Novice: 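Handing you this structure, nothing more for now.
Bear in mind the structure is a predicted one, so any value in this text is a computation, not a measurement. A, B, ... follow the sequence lines: proteins, then strands. Residue 1 opens every chain.
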Amino acid sequence: MEIRLTNTYAREKQVFEPSDPDRVTMYVCGPTVYSYAHIGNARPPVVFDVLYRLLRAKFGADHVVYAVNFTDVDDKIIDASQETGEPISTITQRYEQIYREDMAALGNLEPTFRPRATEHIGDMIALMEDLAAKGHAYQGESGLWFHVPSMETYGRLSKRNRDDMIAGARVEVGADKKDPADFALWKAAKDGEPDAAKWDSPFGVGRPGWAIECSAMAKAKLGETIDIHGGGQDLIFPHHENEIAQSECAHGGKPFARYWLHNGFLSMDSEKMSKSLGNVKLVHQLLEKWPGEVLRMALLSAHYRGPLDWTDALLEQSRATLDRLYNALRRMSDVVVEDVEPPAGLVAALCDDLNTPQALAELSRLATEANKAKDADKPRLKGELLAGGALMGLLQQDPDQWARGDDSDAARIDALVAERIAARKAKDFAKADQIRNDLAAEGVEIMDGPQGSTWRKV
RNA sequence: GGCCUCGUGGCGGAGUGGCUACGCAGCGGACUGCAAAUCCGUGUACCCCGGUUCGAGUCCGGGCGAGGCCUCCA
């Protein structure tokens, strides 16, 4: 089935055809590692992880190369280091580790590459020398600038022309900038900045600008032209526009990325997420209260391009949806899975510009079907549920464990449930109900069935 | 001001011209000792106003409303 993706270049869905089906390449802008990731930061990794899984399914797991960078040199990191007195590397290593753990908890596969900016300074310098040699960059007092008027097509992705950009009052003409739209490739070191954020270069001692790292790392890991580049829609301008400018000007006009994908924003209870409003929710904090899979389900419950309002109700509902799906699997615990292809309807939904809500509807339909299926159909349905879930990074946990949570007091609950079964057999319903009520009070729900009783934590 | 999103039933959320997705909640029923889980049934939904069309949530125009970006924020 062909994959269709909304390409920001065209603002419409296009059939995705990689330049080389044996090596499909995708790059997604990763985090600046100076603090915890918030839930909005988690949307691109989750969304593009689903795309990664879909591409692997279609082109083969060994034929998809996926890179997500770590930005480990940046003004904010320097600020953080100066505030806390901690070395830069201590900060970046710590938050890189936390980020990896958080992303794993959300069920994301490990990308093929996680390049660090500081490990590609040489690549950046090579790219900048190329740009300078070709007349796209010039040296100023405060660093090396990319000269925007040197590129005719600048602004194509964001559909901005130069006048639009300059019209914004916030654009300042730096003392050594030739054009207000020019942006920094290399920033000269300032007094008092730590040595760990300084590198020698033909353009003086300094550090890379914001966008050059992505151009350099994408080239180093994936090549001069990549198939898919993803990120949040706030990055369209200027970040991605600048990446395009750097890469395409350095590479003689070869396209930098063939398909640009951008995800929409999260709001928090209908409000913009911002530090000043104090409504920033960190993945790390959310994981203390919710299973990572619930967060993932919530992030996938809306189409990636649209907005998503993050609320407690959304999380409750996401958990209820997972409960229902896991309940269906749990009823088939002893069914031997048939090795099947992921369900066609679900694949079709994902192939249609990653329509995850539609795909989830397919899972739900399968669960209903499984719940009323004859035994002969169950191996297939269980297989489809698991295969479909795997394509979305869902439903891979043991259903019993999902229902029972950590097993620390499972034995005690099992004993009470057994006691209740005995009471019911003896028609001592008062006692049976008492046990059920007691368990309900501590959040344990009993489900009676023909083959006995099971329980789950609510 | 410029560019770009979005506006669907009580809630979440699909739908890219015609066959009223799906889930949660509610209601009715089945099952159950009673429940829960599960199954079945159940909803005068498409921001407003024009237009195109035999037919529009879906296309076009104009409003209104919410949001994002406009030099380093996913």
Novice: Examine A/Tyr95 together with A/Tyr36 and report whether their ring centres are nearer than 6.0 Å.
Specialist: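 Here the rings of A/Tyr36 and A/Tyr95 have centres that are less than 6.0 Å from each other.
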Novice: Pick base, sugar-phosphate or nothing for A/His262, based on heavy-atom distances below 4.0 Å to the nucleic acid.
Specialist: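 It contacts nothing in the nucleic acid.
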Novice: Considering only atom C1', compute the distance from B/U42 to B/A25 and round it to an integer number of Å.
Specialist: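 14 Å, rounded to whole Å.
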Novice: Once you apply a heavy-atom cut-off of 4.0 Å, does A/Lys425 come out as touching a base, just sugar-phosphate, or nothing?
Specialist: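 No contact at all - A/Lys425 keeps every heavy atom at 4.0 Å or more from the nucleic acid.
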Novice: Salt bridge or not for A/Asp428 and A/Arg424, using N-O below 4.0 Å?
Specialist: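 No, A/Asp428 and A/Arg424 are not salt-bridged.
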Novice: Between B/C40 and B/C24, how far apart are the two P atoms, rounded to whole Å?
Specialist: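 Nearest-Å result for B/C40 against B/C24 at atom P: 12 Å.
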Novice: What integer number of Å spans the C1' atoms of B/C6 and B/A14?
Specialist: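 These two C1' atoms come out 15 Å apart once rounded.
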Novice: Check A/Lys457 with A/Glu445, please: is the shortest side-chain N to carboxylate O separation under 4.0 Å?
Specialist: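 Between A/Lys457 and A/Glu445 there is no salt bridge, as every charged N stays at least 4.0 Å from the carboxylate O atoms.
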Novice: Kindly point out which of B/G67, B/G33, B/A74 is positioned nearest to the side chain of A/Lys272?
Specialist: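 Closest nucleotide among those given: B/G67.
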Novice: Across all strands shown, which nucleotide pairs with B/U71 by Watson-Crick or G-U wobble geometry, both distances under 3.5 Å?
Specialist: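 Paired with no nucleotide.
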Novice: Could you please name the partner base of B/G50, counting Watson-Crick and G-U wobble pairs only when both distances are under 3.5 Å?
Specialist: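 Partner of B/G50: B/C60.
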Novice: Are side-chain heavy atoms of A/Phe146 and A/Leu131 found at a separation under 4.5 Å?
Specialist: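 Yes, side chains in contact.
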Novice: Heavy atoms only, 4.0 Å cut-off, all strands: where does A/Arg365 land among base, sugar-phosphate and nothing?
Specialist: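 Sugar-phosphate, no base atom in range.
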Novice: Give A/Met273 one of three labels, base, sugar-phosphate or nothing, depending on what nucleic acid heavy atoms sit under 4.0 Å from its own.
Specialist: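 The answer is base, as A/Met273 lies within the cut-off (heavy atoms under 4.0 Å) of a base atom.
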Novice: Of the nucleotides B/C4, B/U71, B/A21, which one has an atom closest to the side chain of A/Arg11?
Specialist: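 Looking only at heavy atoms from C-beta outward on A/Arg11, the closest nucleotide is B/C4.
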Novice: With respect to the side chain of A/Ala432, which nucleotide from B/G68, B/U38, B/G33 is positioned closest?
Specialist: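 Comparing B/G68, B/U38, B/G33 against the side chain of A/Ala432, the answer is B/G33.
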Novice: Starting the side chain at C-beta, find the nucleotide from B/C70, B/C34, B/G15 nearest to A/Asn355.
Specialist: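 Closest nucleotide among those given: B/G15.
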Novice: Do A/Arg305 and A/Asp353 have side chains that get closer than 4.5 Å, going by heavy atoms?
Specialist: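 Heavy-atom side-chain distance check passes, below 4.5 Å.
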Novice: Applying the Watson-Crick and G-U wobble criteria at under 3.5 Å, what pairs with B/C31? Answer none if nothing qualifies.
Specialist: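 The answer is none; no pair meets the criterion.
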Novice: Hey, does A/Lys427 reach any base, or is it just sugar-phosphate, or nothing, if we go heavy atoms under 4.0 Å?
Specialist: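 Answer is nothing: A/Lys427 stays at 4.0 Å or more from every strand.
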Novice: In the strands shown, is B/U5 matched to any nucleotide by a Watson-Crick or G-U wobble pair with both distances under 3.5 Å, and which?
Specialist: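 Matched B/U5 with B/A66 under the 3.5 Å cut-off.
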Novice: Any side-chain heavy atom of A/Arg331 sitting closer than 4.5 Å to one from A/Lys378?
Specialist: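 No, side chains not in contact.
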Novice: Heavy atoms under 4.0 Å, any strand shown: does A/Asn41 hit a base, just sugar-phosphate, or nothing?
Specialist: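 Result for A/Asn41 = base.
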Novice: Quick check for you: among B/A74, B/C11, B/C34, whose closest atom lies nearest to any side-chain atom of A/Leu266?
Specialist: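 Of all the options, the side chain of A/Leu266 is nearest to B/A74.
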Novice: B/G13, B/C6, B/C24: which one has an atom nearest the side-chain heavy atoms of A/Ala302?
Specialist: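 Nearest to the side-chain atoms of A/Ala302, counting from C-beta on, is B/G13.
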Novice: Charged N to carboxylate O under 4.0 angstrom, A/Arg420 versus A/Asp448?
Specialist: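 So A/Arg420 pairs with A/Asp448 through a salt bridge.
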Novice: Of the listed nucleotides (B/G23, B/U38, B/C34), which one gets closest to any side-chain atom of A/Thr321?
Specialist: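 Looking only at heavy atoms from C-beta outward on A/Thr321, the closest nucleotide is B/G23.
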Novice: Just to be sure I understand the rule, does A/Asp448 reach a base, reach only the sugar-phosphate, or reach nothing, if contact means heavy atoms closer than 4.0 Å?
Specialist: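 A/Asp448: base contact, heavy atoms under 4.0 Å.
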Novice: What integer distance in Å separates A/Arg420:CZ from B/G33:P?
Specialist: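 Rounded to the whole Å, the gap is 11 Å.
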Novice: Can you check the distance between B/C27 and B/C3, where both ends of the measurement are the C1' atom (answer in whole Å)?
Specialist: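 Going atom to atom, C1' in each nucleotide, I get 48 Å.
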Novice: Can you tell which of B/U71, B/C24, B/A14 lies closest to the side chain of A/Lys177?
Specialist: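 In terms of side-chain proximity for A/Lys177, the closest of B/U71, B/C24, B/A14 is B/U71.
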Novice: How about A/Phe16 and A/Arg4: do any of their side-chain heavy atoms sit closer than 4.5 Å?
Specialist: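 SC-SC contact between A/Phe16 and A/Arg4 ruled out.
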Novice: Does any non-hydrogen side-chain atom of A/Val73 lie less than 4.5 Å from one of A/Trp199?
Specialist: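 A/Trp199 vs A/Val73: side chains touch.
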Novice: Could you check whether A/Phe265 and the base of B/G67 form a stacked pair, meaning centres closer than 5.5 Å and planes differing by less than 30°?
Specialist: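 Here A/Phe265 fails the 5.5 Å or the 30° condition.
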Novice: Counting only Watson-Crick or G-U wobble pairs whose two distances fall under 3.5 Å, which nucleotide matches B/U42?
Specialist: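 For B/U42, the partner nucleotide comes out as B/G26, under the 3.5 Å rule.
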Novice: Which part of the nucleic acid, if any, lies within reach of A/Asp352 when heavy atoms closer than 4.0 Å are counted: base, sugar-phosphate only, or nothing?
Specialist: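 Answer is base: heavy atoms of A/Asp352 come under 4.0 Å of a base.
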Novice: For A/Arg324, report the nucleic acid contact type (base, sugar-phosphate, nothing); a contact means any heavy atom under 4.0 Å.
Specialist: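 The residue A/Arg324 makes sugar-phosphate contact but no base contact.
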Novice: What does A/Asn242 touch in the nucleic acid at a heavy-atom separation under 4.0 angstrom: a base, only the sugar-phosphate, or nothing?
Specialist: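 Here A/Asn242 touches no strand at all.
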Novice: On a heavy-atom basis, which atom in A/Ala390 and which in A/Gln396 lie closest, and how many Å separate them?
Specialist: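 Closest heavy-atom pair between A/Ala390 and A/Gln396: N-NE2, 3.1 Å.
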Novice: Out of B/A74, B/A14, B/C34, which nucleotide sits closest to the side chain of A/Pro357?
Specialist: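 Closest of the options to the side chain of A/Pro357: B/A14.
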Novice: Name the residue closer to the 5' end of RNA chain B, choosing between A/Glu445 and A/His303 according to the nucleotide with the nearest heavy atom.
Specialist: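 By nearest-heavy-atom nucleotide position, the 5'-most residue is A/His303.
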Novice: Using a heavy-atom cut-off of under 4.0 Å over every strand shown, decide if A/Asp323 touches base, sugar-phosphate, or nothing.
Specialist: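 Touches nothing.
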Novice: Using a 4.0 Å heavy-atom cut-off, does A/Leu235 contact any base of the nucleic acid, only the sugar-phosphate backbone, or nothing at all?
Specialist: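 Answer is sugar-phosphate: A/Leu235 comes under 4.0 Å of backbone atoms only.
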Novice: Counting the atoms with a prime plus P, OP1 and OP2 as sugar-phosphate, which does A/Arg156 contact under 4.0 Å by heavy atoms, base, sugar-phosphate, or nothing?
Specialist: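 No contact at all - A/Arg156 keeps every heavy atom at 4.0 Å or more from the nucleic acid.
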Novice: Under 4.0 Å from any atom of RNA chain B, heavy atoms only: list the residues of residues 366-382 of chain A that qualify, in numerical order.
Specialist: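 Here the set is A/Thr368, A/Asn371, A/Lys372.
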Novice: For A/Arg424 and A/Leu360, find the nucleotide of RNA chain B closest to each by heavy atoms; which residue's nucleotide sits nearer the 5' end?
Specialist: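 In this pair, the answer is A/Leu360.
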Novice: Just compare B/C4, B/A74, B/C34 and give me whichever is closest to any side-chain atom of A/Arg436.
Specialist: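 Looking only at heavy atoms from C-beta outward on A/Arg436, the closest nucleotide is B/C34.
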Novice: Counting any heavy atom closer than 4.0 Å, what does A/Gly40 reach on the DNA or RNA strands: base, sugar-phosphate only, or nothing?
Specialist: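 Base contact.
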Novice: Using a strict cut-off of less than 4.0 Å between a Lys/Arg side-chain nitrogen and an Asp/Glu carboxylate oxygen, indicate whether A/Arg436 and A/Asp433 qualify as a salt bridge.
Specialist: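 Between A/Asp433 and A/Arg436 there is a salt bridge, with a charged N closer than 4.0 Å to a carboxylate O.
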Novice: Would you say the side chain of A/Lys159 and the base of B/C70 hold a donor-acceptor pair, judged only by whether the two atoms sit under 3.5 Å apart?
Specialist: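 In this structure, the two groups form no donor-acceptor pair.
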Novice: Can you say whether a donor on the side chain of A/Gln233 sits under 3.5 Å from an acceptor on the base of B/G68, or the other way round?
Specialist: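 Such a pair does not exist between side chain and base.
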